[in-house]
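Everything below concerns the one structure shown next.
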Amino acid sequence: MTGTDLTALSAPVGGEPSAGGGLWRTLGQTFTANRLAVLGVGLIVGIALFCFLGPLVYHTDQVYTNLAAASLPPSAAHPLGTDHLGYDELGRLMAGGQSSLEVGLAAAVMASAVGVLWGALAGYVGGVLDTVMMRIVDVVLSIPVLFMLLFIATIIPPTLGTMIAIIALFAWLIPARLVRGEVLSLRSREYVQAVRVMGGGGGRIVLRHLIPNAIGVIVVQATFAVADSILIFAVLSYLGFGLSAPAASWGEMLSSGTAYLYDGYWWQIYPPGVAILLIVLAFNFVGDALRDALDVRLRQR
Amino acid sequence: MTGYLLRRTGQSFMVLLGVSVIVFALTHLLPGGPARAILGLRATPAAIAAFNHAHGYDKPLYLQYVSYLSSLVRGDLGFSYTQNQSVAALLAQDVPKSAYLSLLALAVAIIVGLPLGIAQAVRRNTVLDYTVTTGAFLGYSMPIFWLGLLLITWFAVDLSVLPPEAPQTATLGGALADPAGMVLPVAALAIVSIASFSRFMRSAAIENLAQDYIRTARAKGLPERVILLRHLLRNAMLPIITLIGLSIPALVAGNLVVEQVFNYPGVGLLFFNSALRRDYPVEIALTLLGSALVVLGNLVADLAYGLADPRVRLA
């Protein structure tokens with residue numbers, strides 16, 4: 001160690017170390033040290049590339065059916081065989097993955113945005129408004145999601161947009177609860193009082209100070225929400241309440257494969273199921289790792 | 001305690017009331033409506049008006065809600081248009097079968113999941129721990145319907161040791177008489193819960209193993225087996241009722257999917273079929289029933305937490 005370190009100790013050369021940089025560095029270190037997290041990110045990137053860039057390389061017709069080529073086993077022409085309508089399974093897997101990822105990500109982002117604003121407002125304002133807003137969350141949270149989604153899905157014509165909206169409709173509640181809790185504990189901190197003393201309004205405090213400080217909780221929750229939304233979308237599609245043909249989804253692929261369980265068409269049962277499992281697993285890995293990295297109590301270890 | 005109990009129960013009723021408002025509003029505000037669903041697309045406006053008048057759908061929404069609520073209080077759950085039966089009769093037929101399936105799965109999940117979690121905690125960071133952890137991760141990332149399909153493929157199609165379908169019966173007695181048919185549906189429903197139960201038990205047991213009473217027991221020279229069974233298990237069991245209460249939403253949803261996959265004639269399949277046919281009275285009643293179960297689960301979880309652990313003071 002040299003003498004420069006001593007001066008650095010007495011007066012940091014670069015000024016006060018910024019809290020944000022430290023947080024991100026710790027986050028990055030904890031994250032890369034977690035092998036499952038790296039695996040998770042790798043899986044997500046891999047699956048996204050497969051679904052969105054794959055069709056550019058591997059051209060298949062996913063609109064017109066070809067009954068002459070229905071339920072063919074895997075071959076050179078169709079590496080994963082074909083389904084009961086003659087669609088190429090590998091190409092369908094890519095197309096179905098696109099809808100799964102789009103629905104999962106969009107529903108999670110939408111739900112998180114609504115939940116964060118709802119929770120932050122309730123927590124910051126408090127009083128009667130808080131009580132009313134959180135009781136609404138309690139009520140909607142006690143309705144079994146799947147029942148409600150089937151219910152609504154029978155009434156609203158299924159498109160990518162409506163699928164995202166109805167899944168998000170029941171996914172914003174948990175983030176709202178979490179963010180409210182965070183905001184309740186943050187709003188009495190000194191820096192919030194400082195902003196208020198300096199004349200900062202409620203909107204500024206919530207948007208610029210409270211929400212950014214609750215970002216850890218929000219990001220962790222949103223990651224799990226992606227996994228949950230993908231699973232819910234798969235269930236809806238499997239039960240026949242998903243997108244209309246010829247749109248593809250992994251759940252719908254499994255649903256049509258179900259009719260041929262006794263025919264041994266394994267290529268219609270395994271690939272879509274494995275795909276759902278892997279993408280959900282990947283988001284759960286990343287969510288777990290983020291929680292470990294952001295949780296202050298765990299960092300003490 | 002009594003005060004807390006009353007207040008908490010009152011809260012649960014308010015939540016259920018809120019659920020009924022939301023469910024009711026959804027069915028009646030959305031386009032189409034029951035008249036279209038029952039009479040079909042070619043029904044004349046006059047026929048629809050007559051249907052709406054006969055069933056009171058032409059009255060203001062809040063009046064419809066009040067009359068719905070008052071008949072609900074009298075135990076009248078409505079009438080299924082498509083099955084030409086009262087909803088209560090349908091429930092009386094199907095609820096016992098679903099309860100049988102769910103309780104069986106819950107029992108299996110507890111019997112398998114809890115010892116698994118304790119074993120993991122005792123043998124932490126061993127091959128056993130990692131294997132079960134991996135299994136648990138797979139278990140709760142796996143769509144339950146795919147798990148069901150795999151079980152059917154392996155045990156019914158490839159090995160042909162078990163029937164691919166749940167018992168096809170109108171009564172609970174029929175389901176009880178066919179244990180082989182219940183194996184796969186129960187397994188599918190239980191595996192997902194085992195995953196979460198073992199995770200929960202693992203962390204509860206790890207927490208307890210670090211406590212003073214375990215060290216005292218060890219210092220007394222008690223054999224490890226006695227420590228685990230008498231001391232650790234009993235204390236780690238405290239949160240189990242809470243766990244069961246909180247696992248009800250997953251169980252209710254899983255029930256619906258498993259019943260559809262295995263064609264088991266319970267409440268889940270009833271809801272699925274009613275959703276396809278837009279049989280609103282059945283859908284509303286079942287959604288309310290499901291919500292009531294969830295609310296009850298939360299209530300039990302809260303109360304059990306306070307009862308089982310004297311350190312938690314409820315006021």
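Order of the sequence lines fixes the chain letters, A, B, ..., with proteins taken first and strands second; residue numbering starts at 1 for each chain.
The candidate from A:I276, A:I230, A:V145, A:V140 with the greatest count of non-hydrogen atom pairs under 4.5 Å with chain B is A:I276. Counting heavy-atom pairs closer than 4.5 Å to chain A, the top residue among B:L276, B:V257, B:D158, B:L16 is B:L276. Ranked by heavy-atom pairs shorter than 4.5 Å toward chain A, the options B:V21, B:V252, B:L147, B:L149 are led by B:L149. Ranked by heavy-atom pairs under 4.5 Å with chain B, the first of A:L254, A:D288, A:L141, A:L36 is A:L254. Of the listed residues A:D228, A:I136, A:L146, the one with more heavy-atom pairs under 4.5 angstrom with chain B than any other is A:L146. The greatest number of non-hydrogen atom pairs below 4.5 Å with chain B, out of A:W266, A:F283, A:F285, is found for A:F285.
Shown here for B:S291 and A:P144, the closest heavy-atom pair between the two residues is OG-CD, 3.4 Å. Pairing each heavy atom of A:F241 with each of B:A275, the nearest pair is CZ-CB, 4.1 Å. Annotation for B:M142 and A:L231: closest pair C-CD2, 4.4 Å, computed over non-hydrogen atoms. When all heavy atoms of A:L239 and B:F272 are compared, the pair lying nearest together is O-CE1, 3.4 Å. Residues B:L256 and A:F147 come closest through the heavy atom pair CD1-CE1, 3.4 Å. The nearest pair of heavy atoms linking B:S141 to A:L281 is OG-CD1, 3.2 Å.
Of the two parts of A:A227, neither the backbone nor the side chain holds a non-hydrogen atom closer than 4.5 Å to a non-hydrogen atom of chain B. When heavy atoms are compared at a cutoff of 4.5 Å, B:P249 does not approach chain A at all. Of the two parts of B:L286, the backbone and the side chain both hold a non-hydrogen atom closer than 4.5 Å to a non-hydrogen atom of chain A. The contact between A:Y270 and chain B is made by backbone and side chain atoms together, counting heavy-atom distances below 4.5 Å. Heavy atoms of B:F137 lying under 4.5 Å from chain A belong to its backbone as well as its side chain. Looking at B:A250, there are no atoms closer than 4.5 Å to chain A (heavy atoms on both sides), in backbone or side chain. Using a 4.5 Å cut-off between heavy atoms, B:Q260 touches chain A through its side chain atoms alone. Looking at A:V274, the atoms closer than 4.5 Å to chain B (heavy atoms on both sides) sit in the backbone and in the side chain alike.
Surrounding CD of B:E207 are at most 12 heavy atoms belonging to other residues, nucleotides or ligands under 6.0 Å away.
Here OG1 of A:T258 is found 8.0 Å from CD1 of B:I152. Values are rounded to the nearest 0.5 Å. Between the OG atom in A:S142 and the CD1 atom in B:I22 there is a gap of 8.0 Å [rounded to 0.5 Å]. Taking CG of B:L150 as the start and CD1 of A:I269 as the end, the distance is 8.0 Å to the nearest 0.5 Å.
Counting only heavy atoms from C-beta outward, the side chains of A:V280 and B:Y140 never approach each other to under 4.5 Å.
Using a 30° and 60° split on the angle between ring planes, A:F151 and B:Y280 fall in the parallel class, below 30°.
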